[in-house]
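Below is one structure, written out as C-alpha cells; the observations come after it.
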Amino acid sequence: MPEGHTIHRLALDHQQELAGDVLAVSSPQGRHARLAAVLDGHVLESVEAHGKHLFYDWLDAPGLHIHLGLVGRFRQNPSPPPAPSSTVQLRLAGPRATVDLIGATTCELIDQSGRELILGRLGPDLLAAEDNPEPAWTRLSGRSVPMAAALLDQRNLSGVGNVYRSEALFLNGIHPERPASSLSRDEFDRLWGTLRTMLRQGVEDRRIVTVHPSERASVGDGVVEVGPEDSFYVYKQQHCRRCGTPIRVWPVAGRRVYACEHCQPPPGSA
DNA sequence: GCCGAATGCCCAA
DNA sequence: TGGGCCTTCGGCG
C-alpha cells in the first residue's frame, strides 16, 4: 500500500512512538544483521519522509534509509510484542512501541552525501510542509511524455503512485496519454492541487479513498465502512461512476492505468 | 500447491 | 522493454 501518503504517515507515527527512546534493533530474518548491530541500543532522534523514502536519524550512529518498494510494509505490534515471524527484516523495539519491517526493497545505512544524492533525484514532494510546484512545472512543460508516465516519475514530482495517478487524472479530465507539454498552466495547477489534497487525505485516513463523500453509494451517517467499490473513481473499477462508460485499462510506463475515455477525452479527439 | 498480481523501482540490453 | 527483487494473497487446478 505504499504511495507517498503511507510513507509520510509512517514517519509521523514512528516519530511519535519511537523517537527519543533507546531502541533495540534486530534483524530476525538475518539479512540486515550487521546493520541492526550498528544501530542497536542507540537513541532514535527523528524520522523524516521525502517522497516515498524514509530516513531515520540516530544519536551517534549512521542514518537509516528505508524504501518499501511495491510490497514492503511496517507491521505494528501489540505490547508486549510477539516473537517476530521469519520474514521480519528489521525490528525496532522501544519502550512504547515495536514495529517490524517486512518486504522492503531498500534498508541500508546512509551518510549525509548518500542522502543528498537521493533527495537530489526527487522532484518536489506533494506532502512537503511548504510545497513548491515550480520545479515540476518546469520539468513537465516542455516534454512529450504521456501524463500517466510523468506522474509516476519521481524526478518530476514525488509521492504519487499507481492509484493516485489514475484518480487525479480522472478528476481533472486529463487523458493518461496526453503529452505533459499539452497541459496549460491552469490544468497543471489544478492537477497539483488535486494530488496534494488526495495525498493529505490519505495520510489522515491511513488509506486511499478518493471518491468524494457526496458521490459514494453508501452515503448516510458516514459511519459506514467505505469498501473498495466506493473508494475509487476509476482505479480497478468496471464502469465510470459518473457516466457509466466502461473503464479502459492499459499499461503506461509498465503499470496499469485506468481511465474513462468519455470524461477524459483522448488527445486529438477535440 | 502453483502462478500471477499488487499502492515500486533498478538495472541490463 | 523486460526481468529481477521483496512478500502476501487470491484464484485456479
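Side chains are part of it too, since the values below use all heavy atoms of this structure and drop only hydrogens, waters and symmetry mates. Order of the sequence lines sets the chain letters (A, B, ...), proteins ahead of strands, with each chain counted from 1.
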**Donor-acceptor under 3.5 Å (Gln29(A) side chain, Gln89(A) main chain)** = no
**Item:** Donor-acceptor under 3.5 Å (Tyr233(A) side chain, His212(A) main chain)
**Value:** yes
**Prompt:** Other hydrophobic cluster members with Val257(A), side-chain heavy atoms of Ile/Leu/Val/Met/Phe/Trp/Tyr under 4.5 Å, chained?
**Reply:** Trp250(A), Val252(A)
**Request:** Could you check how far CD of Glu108(A) sits from P of dC10(B), rounded to whole Å?
**Result:** 11 Å
**Item:** side chain to side chain contact (heavy atoms under 4.5 Å, CB included) partners for Pro81(A), two or more places apart
**Value:** Asn77(A), Arg91(A), Thr98(A)
**Message:** Within the 4.0 Å heavy-atom criterion, would you say His5(A) contacts the bases, only the backbone, or no part of the nucleic acid?
**Reply:** base
**Euclidean distance for P, dG3(C) against dC3(B) (whole angstrom)** = 16 Å
**Prompt:** What string of B, S and - do you get for nucleotides 4-10 of chain C, 5' to 3', when a contact is any protein heavy atom under 4.0 Å?
**Reply:** -BBBS--
**Request:** Evaluate whether atom CD of Gln238(A) has more than 12 neighbouring non-hydrogen atoms of other residues, nucleotides or ligands under 6.0 angstrom away.
**Result:** no
**Phe188(A): partners by ring pair (Phe, Tyr, Trp, His ring centres under 6.0 Å), with sequence neighbours left out** = Trp137(A)
**Request:** Sort and list the pairs that fulfil side-chain hydrogen bond (donor to acceptor under 3.5 Å, both in side chains) and have at least one residue in residues 145-155 of chain A, not counting sequence neighbours.
**Result:** Asp153(A)-Arg155(A)
**Asked** Which salt bridge (Lys or Arg N to Asp or Glu O under 4.0 Å) pairs, counting each pair once, include a residue from residues 15-35 of chain A, with sequence neighbours left out?
**Response** Asp21(A)-Arg96(A)
**Message:** Distance check needed: dG8(B) C1' versus Leu122(A) CG, whole Å only.
**Reply:** 13 Å
**Prompt:** Hydrophobic clusters join Ile, Leu, Val, Met, Phe, Trp and Tyr when side-chain heavy atoms are under 4.5 Å apart, directly or via other members; which others share one with Leu70(A)?
**Reply:** Val71(A)
**Asked** Which side-chain hydrogen bond (donor to acceptor under 3.5 Å, both in side chains) pairs, counting each pair once, include a residue from residues 107-127 of chain A, with sequence neighbours left out?
**Response** His8(A)-Asp125(A), Glu48(A)-Arg115(A), Asp57(A)-Arg115(A), His65(A)-Glu108(A), Asp111(A)-Ser113(A), Gln112(A)-Glu116(A)
**Message:** OP1 or OP2 of dC9(B) versus the side-chain N and O atoms of His67(A): is any pair under 4.0 Å?
**Reply:** yes
**Message:** Would you measure the distance from the P atom in dA13(B) across to the matching atom in dC5(C) and give it in whole Å?
**Reply:** 15 Å
**Message:** Looking at Arg256(A), I'd like to know whether one of its side-chain N or O atoms comes within less than 4.0 Å of OP1 or OP2 on dA6(B).
**Reply:** yes
Scan nucleotides 11-13 of chain B against the protein and return all N/O pairs shorter than 3.5 Å with their distances rounded to 0.1 Å.
none

**Prompt:** With a 4.0 Å cut-off, would you call Arg207(A) and Glu3(A) a salt bridge?
**Reply:** no
Measure all distances between protein nitrogen or oxygen atoms and nitrogen or oxygen atoms of nucleotides 2-4 of chain B, and list the pairs falling under 3.5 Å.
none

**Prompt:** Which ILVMFWY residues can you reach from Leu90(A) by hopping between side chains whose heavy atoms are under 4.5 Å apart?
**Reply:** Ile7(A), Leu10(A), Leu18(A), Leu23(A), Val25(A), Leu35(A), Val38(A), Leu39(A), Leu44(A), Val47(A), Leu54(A), Tyr56(A), Trp58(A), Leu64(A), Ile66(A), Leu68(A), Phe74(A), Leu92(A), Val99(A), Leu101(A), Leu109(A)
**Message:** From CZ of Arg121(A) over to P of dC9(B), roughly how many Å is that when rounded to an integer?
**Reply:** 12 Å
**Prompt:** Is there a residue in residues 151-173 of chain A whose heavy atoms reach under 4.0 Å of DNA chain B, and which residues are they?
**Reply:** Gln154(A), Gly161(A), Asn162(A), Val163(A)
**Prompt:** Donor-acceptor pair, Ser182(A) side chain versus Pro179(A) backbone, under 3.5 Å?
**Reply:** yes
**Request:** In plain terms, say whether Glu215(A) and Arg242(A) are close enough for a salt bridge, that is, a side-chain N and a carboxylate O under 4.0 Å apart.
**Result:** yes
**Complete:** Taken to the nearest whole Å, CD1/Ile118(A) to P/dG8(B) is 18 Å
**Message:** Nearest whole Å is fine: how far is dC10(B) C1' from His65(A) NE2?
**Reply:** 13 Å
